[in-house]
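Structure first, commentary second.
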2 protein chains.
Amino acid sequence: MGVKSLLMPKRKPELLSPEALRTHGDRLFLSHLSVDCVIFGFHEGQLKVLLLKWKDGPWCLPGGFIKHHESVDHAATRILKERTGLDEIYLKQFHAFGDPQRERGKRYKQGWIANRFVTIGYYALVEYSKVFPQPDLLSSECKWWDVATVPDLIYDHKQIMTTALETLRLSLNDHPVGYNLLPLKFTMPELQRLYETILGQPLDRRNFQKRMLALDILVKLKERKTGGAHKAPFLYRFDKKKYDRAMKQGLVGGW
Amino acid sequence: MGVKSLLMPKRKPELLSPEALRTHGDRLFLSHLSVDCVIFGFHEGQLKVLLLKWKDGPWCLPGGFIKHHESVDHAATRILKERTGLDEIYLKQFHAFGDPQRERGKRYKQGWIANRFVTIGYYALVEYSKVFPQPDLLSSECKWWDVATVPDLIYDHKQIMTTALETLRLSLNDHPVGYNLLPLKFTMPELQRLYETILGQPLDRRNFQKRMLALDILVKLKERKTGGAHKAPFLYRFDKKKYDRAMKQGLVGGW
DNA sequence: AATTCATTGTGTAGGATATACACAATAGTA
DNA sequence: TACTATTGTGTATATCCTACACAATGAATT
């Protein structure tokens, strides 16, 4: 791939070859800046995170670079779409990681990519079942991991993931969660499991339900979820209008 | 100033001339990245923010660039020290601003500095009386403004300031404030005034005091503050140990 | 010296919210 | 048909939040 096509990419510029990235990254992208995404999903009662594996290398967060005339938010959205196929998902910038030592042991990189990078972290909440993980040209695998059992990650990516999870955890204090992580219809136990796995602690069933219903963002459906081995729980869905309002103006509490 | 001295600055590299910055900024600094600081102080019952005025130009936030082997946090600390003379102050990264249009109308810049910059915002809490505002080589003035009456700011700096204030406001929900903004000894009314001006709303005197004392981070002194025109209020100080603990593990509430 | 004024110090009652906790109903399975 | 794990549901208690009023004080004024 020649330099010209890098300057004016016609299509699929994201499918830039590793070689071109090494030699001409700065033609397309802002140098010294990257974006890393912590993509959370929820499946079978477990909080999951989407990771990539480098060819013959370690696991890492899906990330990428910022084009010269692209907003950082847009870059994050683009990276997410490349990896999951999804757009219109919940994505939030949470921290910039700027320690010059953060990429210590950068043995896997050469050329432009070997420069120092400050990375801007985003976390995403996506519906597990809608995602079809796609590795990129630098990676051989892309798959979901339980947050509790993620393997060693490259550089400071574990730290980035932990910070994302902490941020998400804190955000539960003033914002609801679930719309982006659960299917359209879900049961109260499923919603509770979601909160429990984000918080890392068990919650009282009755108090949880009372609190959730008090938020006034849920609609109880007439249907029940059958097929489970026990008493069939009712299905709920979110009232999108009310959910969005709660999301925007935050939940009670505080000053 | 020659290029050589830019590559290996012996001392005061921050006193880089505007001309050298324009022509050789990338020798010293990471390109496309800047840091802007929203420096809050508190004086005479008003929340203040420290602003710079460019020579023949608009007001702006104190900011700067990141050296090649310097952490972003360190850059922020350094910029703060240059402007206020203080170190050991409370400084917190709150957001990265990455819209390519954010510096729209960049008529004041040429050369390296005219590139696109993603800026990382920090807010600082400093003790007003300890600060001696210092303009840099690019600016003619450096002074405190009431947050309520800041003038028009360059680019998106007003937006950055607003976001900083919102972040600070939200942080009151789970973290105490005051240690970095008030003198060692202070009165309950002063502390209340601080909260009120951050929150932009009046608070009930008795409930405020009850709530503050319940945090168990204050020490009531035997002395009173005399000299005021009315009944002399008691002085308090923070219990640093307990304050730090509250700061670290957050205040109650939530899940 | 007495009065005035703005401000400080202090407590309680009522309402709202959070917590702890138990038993009957049910859907599938054995 | 019985069993088992799970769901649905309410109340009593403690805790927290909110609203609210009056006496004491220190300086300034007369």
Side-chain angles (χ1 to χ4, degrees), chain A residues 44-46 169-170 172-176 178 182-183 185-197 199 201-237 246 250-255, chain B residues 44-46 172-176 178 182-183 185-197 199 201-237 246 250-255:
Chain A
E44 291 178 345
Q46 293 293 87
R169 202 169 279 176
L170 282 176
L172 293 193
N173 288 327
D174 26 21
H175 298 281
L182 295 171
K185 300 173 181 181
F186 52 89
T187 67
M188 192 60 75
E190 280 166 352
L191 183 60
Q192 180 175 344
R193 218 65 42 89
L194 172 59
Y195 270 79
E196 287 176 333
T197 166
L199 292 167
Q201 72 178 251
L203 301 171
D204 180 87
R205 210 155 48 86
R206 280 163 293 187
N207 294 335
F208 177 82
Q209 168 155 329
K210 221 182 310 175
R211 192 159 163 177
M212 277 298 141
L213 293 177
L215 295 182
D216 189 32
I217 56 174
L218 289 177
V219 180
K220 183 174 184 171
L221 305 177
K222 299 243 155 50
E223 317 167 58
R224 290 161 179 264
K225 168 153 193 166
T226 58
H230 305 291
K231 180 170 181 176
F234 279 104
L235 285 164
Y236 292 81
R237 64 172 177 82
L251 307 171
V252 296
W255 295 93
Chain B
E44 289 178 347
Q46 294 292 87
L172 293 194
N173 288 329
D174 27 22
H175 298 282
L182 295 171
K185 299 173 182 182
F186 53 88
T187 68
M188 193 59 77
E190 281 166 352
L191 184 61
Q192 181 176 344
R193 218 65 41 86
L194 172 61
Y195 271 79
E196 286 176 333
T197 165
L199 292 166
Q201 73 178 252
L203 300 171
D204 180 88
R205 209 156 49 85
R206 282 164 292 189
N207 294 337
F208 177 80
Q209 169 154 330
K210 221 182 311 175
R211 193 159 163 177
M212 276 300 140
L213 294 177
L215 295 183
D216 189 31
I217 57 174
L218 289 176
V219 180
K220 183 175 185 171
L221 305 178
K222 299 242 155 53
E223 317 166 59
R224 288 160 180 265
K225 169 155 193 164
T226 59
H230 307 291
K231 180 168 180 176
F234 280 102
L235 285 165
Y236 292 80
R237 63 173 178 80
L251 306 171
V252 296
W255 295 93

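Values reported hereafter were calculated over all heavy atoms of this structure, with side chains retained and with hydrogens, waters and symmetry mates removed. Here is how names work: the chains are called A, B, and so on, in the same order as the sequence lines, proteins then strands, and each is numbered from 1.
- The residue from Leu213(B), Ile217(B), Leu182(B) that alone fulfils the side chain to side chain contact (heavy atoms under 4.5 Å, CB included) condition with Tyr236(B) is Leu213(B).
- Between Arg224(B) atom CZ and dT10(C) atom C1' the separation is 12 Å, expressed in whole Å.
- Put simply, CZ on Phe208(B) is 12 Å from P on dT8(C), counting in whole angstrom units.
- Two residues, Pro189(B) and Asp204(B), neighbour DNA chain C, and the one matched to the more 5' nucleotide by heavy-atom proximity is Pro189(B).
- Distance Arg211(A) CZ to dT19(C) P: 7 Å, rounded to the nearest Å.
- Taking only side-chain nitrogens and oxygens, Lys210(A) never comes nearer than 4.0 Å to OP1 or OP2 of dA16(C).
- Atom-to-atom, CD of Gln192(B) to P of dT8(C) comes out at 9 Å; the value is rounded to the nearest Å.
- When the P atom of dT17(C) is taken as reference, atom CG of Asn173(A) falls 17 Å away, rounded to whole Å.
- In this structure, CZ of Arg205(A) is placed 7 Å from C1' of dG8(D), rounded to the nearest angstrom.
- Nearest nucleotide to the His230(A) side chain, out of dA5(D), dC5(C), dA20(C): dA5(D).
- In this structure, Ala232(B) and Lys231(A) both approach DNA chain D, and ranking their closest nucleotides by distance from the 5' end singles out Lys231(A).
- Using a distance-only test at 3.5 Å, with no hydrogens or angles considered, no donor-acceptor pair links the side chain of Trp255(B) to the main chain of Leu199(A).
- The structure places CG of Leu251(A) at 7.0 Å from NE2 of His175(A), a figure rounded to the nearest 0.5 Å.
- Considering only side-chain atoms of Pro233(A), the nucleotide from dG10(D), dT7(C), dT7(D) that sits closest is dT7(D).
- When atom types are taken as modelled, the side chain of Glu196(A) and the backbone of Leu203(A) share a donor-acceptor pair closer than 3.5 angstrom.
- Of all non-hydrogen atoms in Ala232(B) and Lys225(B), the two that sit nearest each other are CB-O, 3.4 Å.
- If you check every strand for non-hydrogen atoms under 4.0 Å, Lys220(A) touches sugar and phosphate atoms only.
- A straight line from CG of Leu213(B) to P of dG11(C) spans 12 Å, rounded to a whole angstrom.
- Side-chain proximity of Gln209(B) to the nucleotides dG10(D), dG9(C), dT26(C) is greatest for dG9(C).
- Counting to the nearest Å, the P atom of dG10(D) and the CG atom of Asn207(A) are 14 Å from each other.
- When distances are taken from the side chain of Arg206(B) to each of dA21(D), dC5(C), dT8(C), the shortest belongs to dA21(D).
- Looking at which nucleotide of DNA chain C each of Thr226(A) and Phe234(B) is closest to, the 5′-most match is held by Phe234(B).
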